[in-house]
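All chains are named by letter (A, B, ...) in the order of the sequence lines, taking the proteins before the strands, and each is independently numbered beginning at 1.
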Number of protein chains: 4
Amino acid sequence: MNADRESELAPGTRAPRTQGERRAQAERSLLDAAVQLIAERGIERFTLAEVGLRAGYSSGLPAHYFGRKDALVAAVARTITERFGDDLERHLVLKPGLDGLLATAAFYLDSAAADPQTARALSVLLGESLHRPDLLAEIARINRLGTAELERQLAYGIEQGRIRADLDVPSEAVLILAGLRGTIAQWLADPEGLRIEALRDAFLANLRRSLAA
Amino acid sequence: MNADRESELAPGTRAPRTQGERRAQAERSLLDAAVQLIAERGIERFTLAEVGLRAGYSSGLPAHYFGRKDALVAAVARTITERFGDDLERHLVLKPGLDGLLATAAFYLDSAAADPQTARALSVLLGESLHRPDLLAEIARINRLGTAELERQLAYGIEQGRIRADLDVPSEAVLILAGLRGTIAQWLADPEGLRIEALRDAFLANLRRSLAA
Amino acid sequence: MNADRESELAPGTRAPRTQGERRAQAERSLLDAAVQLIAERGIERFTLAEVGLRAGYSSGLPAHYFGRKDALVAAVARTITERFGDDLERHLVLKPGLDGLLATAAFYLDSAAADPQTARALSVLLGESLHRPDLLAEIARINRLGTAELERQLAYGIEQGRIRADLDVPSEAVLILAGLRGTIAQWLADPEGLRIEALRDAFLANLRRSLAA
Amino acid sequence: MNADRESELAPGTRAPRTQGERRAQAERSLLDAAVQLIAERGIERFTLAEVGLRAGYSSGLPAHYFGRKDALVAAVARTITERFGDDLERHLVLKPGLDGLLATAAFYLDSAAADPQTARALSVLLGESLHRPDLLAEIARINRLGTAELERQLAYGIEQGRIRADLDVPSEAVLILAGLRGTIAQWLADPEGLRIEALRDAFLANLRRSLAA
DNA sequence: TATGAATGAGCTTTCATTCAT
DNA sequence: GATGAATGAAAGCTCATTCAT
């Protein structure tokens with residue numbers, strides 16, 4: 001679990017030489033460590049010093065790079081949402097419409113199952129954003145990203161005649177995203193008691209029925 | 001919004017006389033104030049002193065009653081869930097089956113709309129419970145409460161032939177609760193941009209379709 | 001160990017009737033409880049509420065009787081020294097001179113062995129008096145009491161020709177008292193590892209030799 | 001009396017350069033300040049902030065270094081006993097037997113006379129150790145140190161025929177240490193009223209007589 | 001008289017942030 | 001650039017003390 005500077009290098013690659021490369025890598029390690037710590041303890045209960053030490057650097061480095069703790073947290077939020085957004089885009093370009101929509105939903109749930117720590121960190125950030133205006137900006141981005149994609153797919157599916165036309169598209173997009181988020185949170189709260197695959201299958205079945213033209 | 005000791009008394013009533021009454025009332029006021037503060041600022045960013053002062057008492061009283069901040073937070077969680085559980089029970093005894101299920105879902109969303117502060121506090125507690133084992137116990141209670149009721153209604157609806165029988169009932173119950181929670185959270189994050197009534201109608205329409213026999 | 005209000009009454013006696021008697025008994029119980037607590041935890045680490053509860057009364061009674069904590073501690077010091085002084089006097093009136101001196105020394109050590117809790121409380125008070133001017137007054141009393149008695153006996157022994165006449169009597173009295181106090185403290189710090197009887201016998205043997213005419 | 005960071009440097013020396021030196025010096029200054037404060041006010045009545053400020057640093061530094069107050073107090077106890085043990089060793093290697101024993105006793109009393117503040121702090125710690133199990137460990141060390149040395153000297157004196165052979169050596173060692181401790185405490189409680197030199201001379205005379213072969 | 005509710009000051013402890021090396 | 005020493009504000013918690021009943 002403990003991030004290690006070198007372990008992320010592919011075998012045979014050399015340690016990065018330039019200052020810029022070293023800085024970028026250190027920054028990445030710090031952000032990874034921060035994700036872990038946010039998932040484990042929440043935003044308020046980890047210290048900058050811990051982030052540095054867990055990333056394999058000194059206790060002072062996070063402050064040196066990010067200045068204030070808020071900035072580190074914001075960077076974490078941005079990193080998570082950007083990574084997720086990139087992954088999402090790569091997955092979805094090909095399948096618009098109902099199939100794309102179902103694939104998107106499946107992708108959310110599968111991503112959480114594949115990397116629960118990041119999912120947990122994101123859930124924590126979503127929860128905290130309810131009372132932290134500074135986080136809201138970042139969270140609003142990912143919300144827009146998610147709902148925009150869903151709206152696009154819903155509209156396409158309606159156009160194709162595979163999704164019922166009487167939908168309130170914006171509300172529907174919010175509800176789908178909300179359902180995915182809620183399902184992931186519920187699973188993270190009790191990963192032993194719930195089977196994510198069963199939830200996923202039921203979620204997709206529900207979705208198919210509620211959207212059917 | 002600011003809780004005041006006397007303002008909760010019906011006009012004309014006298015201040016409580018016995019020590020027990022004084023204590024009980026103080027405790028209630030403190031819990032109310034804590035709900036407000038958790039909704040506004042989250043668990044880590046309110047102080048015990050603020051709770052006391054906002055409730056109209058001294059800064060030391062919350063610590064005097066609850067001992068540790070954790071215990072106050074746990075008491076808040078328990079209070080919210082008990083109140084909600086009581087309200088829920090009162091609403092639902094009469095209508096089992098599909099209609100009861102839809103009424104339950106509507107009740108969740110209507111409750112949030114009627115008392116957004118408490119809904120916000122609960123959402124915050126749900127988020128924090130992901131990394132606070134001491135809160136998980138309290139949250140697990142309300143989860144069981146919610147899913148048990150939903151499972152009961154699903155089973156009854158299947159028996160009646162109004163809900164499709166091929167459902168994975170436990171997963172479905174989790175998904176419905178998750179959808180409600182996620183929807184409320186989404187709305188709380190952007191109450192200006194979203195209309196809770198529209199979300200509610202769309203949610204119920206979806207639910208009806210996805211459960212239809 | 002827990003003081004009980006009634007248990008100190010001889011069987012068959014009635015509970016005290018008058019306010020004065022009840023008050024006196026309550027005060028005694030509180031002081032006993034305070035002695036125990038000082039022995040166990042020192043002056044700063046017991047609370048007034050504990051004293052009341054341990055004595056079988058309410059948490060507020062010590063404050064009600066003694067006003068401030070300092071006053072309670074002073075009362076404890078005075079009680080211990082008075083009780084000890086009374087016992088000492090009763091023991092020593094009969095034997096002046098060298099034999100009386102040896103009996104006095106034995107009495108100190110035997111008292112500690114018989115009631116280690118009180119001895120511990122007194123040792124604690126002696127230690128604290130080094131940096132608490134308010135306690136010094138009380139402690140000075142018991143010091144004067146002890147050294148005066150020892151000086152009297154030393155003088156008498158010299159007069160009788162049984163104690164060497166080249167003694168510095170005041171210093172000798174201080175040394176004897178200091179030796180007794182130090183020995184008791186040493187034993188209290190390690191009652192398992194040291195045998196008080198052996199220390200007592202050796203102490204008396206030393207004393208006899210160092211004083212011999 | 002007030003410790004000052006720079007005042008301990010020999011004139012002309014530069015302030016320490018390396019981080020390690022800065023830290024070590026700060027730690028020493030903090031411990032010195034803590035010794036003073038314990039002597040003046042006891043363990044419970046000084047604050048960590050005072051230690052830092054009196055040492056010429058910030059109020060937060062003691063907590064930063066020692067973590068908890070208990071740890072600072074334990075470090076003080078260890079420092080005092082180590083310093084004393086070192087001094088003692090340097091003094092005593094040369095003279096075993098009766099003369100060494102008398103020299104040891106004299107050294108205890110002379111040390112107290114030379115540095116009453118440290119003696120007072122040690123007396124306070126000894127007193128508090130009666131009800132602070134965490135301190136007992138440290139105090140047990142210095143007790144063993146003292147009695148072991150005394151036992152060694154007693155045994156040597158007996159072997160040489162200059163100390164009476166019917167002694168209970170372990171008890172005698174405890175009594176000597178107890179007498180020294182008690183005498184110092186007595187003097188510290190009333191330094192104006194007592195002359196340490198007179199006590200010292202009388203102590204040594206007594207010791208000589210009670211041990212004489 | 002006796003109880004215990006309530007106050008608020010003071011402490012330990014944590015840690016973001018600054019700064020010297 | 002990187003380290004970690006040092007600062008000082010903030011908050012939880014304790015509890016002597018006051019006061020209503």
**Q.** DNA chain E: stems of at least 3 consecutive Watson-Crick or G-U pairs whose donor-acceptor distances fall under 3.5 Å
**A.** E:2-21 with F:2-21
Q: Write down the atom of A121(B), the atom of A39(B), and the distance for their closest heavy-atom approach.
A: N-CB, 3.9 Å
Q: Scan Y65(A) against the nucleic acid and name what it touches under 4.0 Å (heavy atoms): base, sugar-phosphate only, or nothing.
A: sugar-phosphate
Q. CG of L53(A) versus C1' of dC15(E): gap in Å, rounded?
A. 13 Å
Q. Mind checking what makes side chain to side chain donor-acceptor pair (under 3.5 Å) contact with R41(C), not counting sequence neighbours?
A. E50(C)
Q: Identify, with sequence neighbours excluded, every residue that meets side chain to side chain donor-acceptor pair (under 3.5 Å) alongside R23(C).
A: E27(C)
Q.
S58(A): which residues meet the side-chain contact (heavy atoms from CB on, under 4.5 Å) condition with it, sequence neighbours left out?
A. L61(A)
Q | Side-chain touch Y65(C)/V51(C), heavy atoms, less than 4.5 angstrom | A | no
(Q) Between R45(A) and S58(C), which residue's closest nucleotide on DNA chain E lies nearer the 5′ terminus? (A) S58(C)
Q. Given atom CD of E50(A) and atom P of dG4(F), what is their separation to the nearest angstrom?
A. 16 Å
Q.
Output the rounded distance in Å from CD (E27(D)) to P (dG4(F)).
A. 16 Å
Q: Could you state the atom-to-atom distance from CD of Q25(A) to P of dA2(F) in whole Å?
A: 12 Å
Q.
Test salt bridge (charged side-chain N to carboxylate O under 4.0 Å, His left out) on D134(C) and R132(C); report intermediate values, then the result.
A. CA-CA 5 Å; D134(C) 54 324; R132(C) 292 182 64 133; 3.8 Å; yes
Q.
If the threshold is 4.0 Å, N to carboxylate O, is there a salt bridge linking R54(B) and E40(B)?
A. yes
For residues 72-79 of chain B, dump all side-chain donor-acceptor pairs below 3.5 Å to protein atoms at least two apart in sequence or in another chain.
unit_1, atom_1, unit_2, atom_2, d
R78(B), NE, E138(B), OE2, 3.0
R78(B), NH2, E138(B), OE2, 3.1
T79(B), OG1, A75(B), O, 2.7

Q. Nearest 0.5 Å, what's the CG-CG distance between L135(B) and L130(B)?
A. 10.0 Å
Q: Measure the distance from CZ on R23(C) to C1' on dT1(E) and round it to the nearest whole Å.
A: 9 Å
**Q.** Heavy-atom protein contacts under 4.0 Å, nucleotides 9-14 of chain F, coded B base, S sugar-phosphate only, - none
**A.** --SSSB
(Q) The side chain of L61(C) is closest to which nucleotide in this list: dG1(F), dT3(E), dT3(F)? (A) dT3(E)
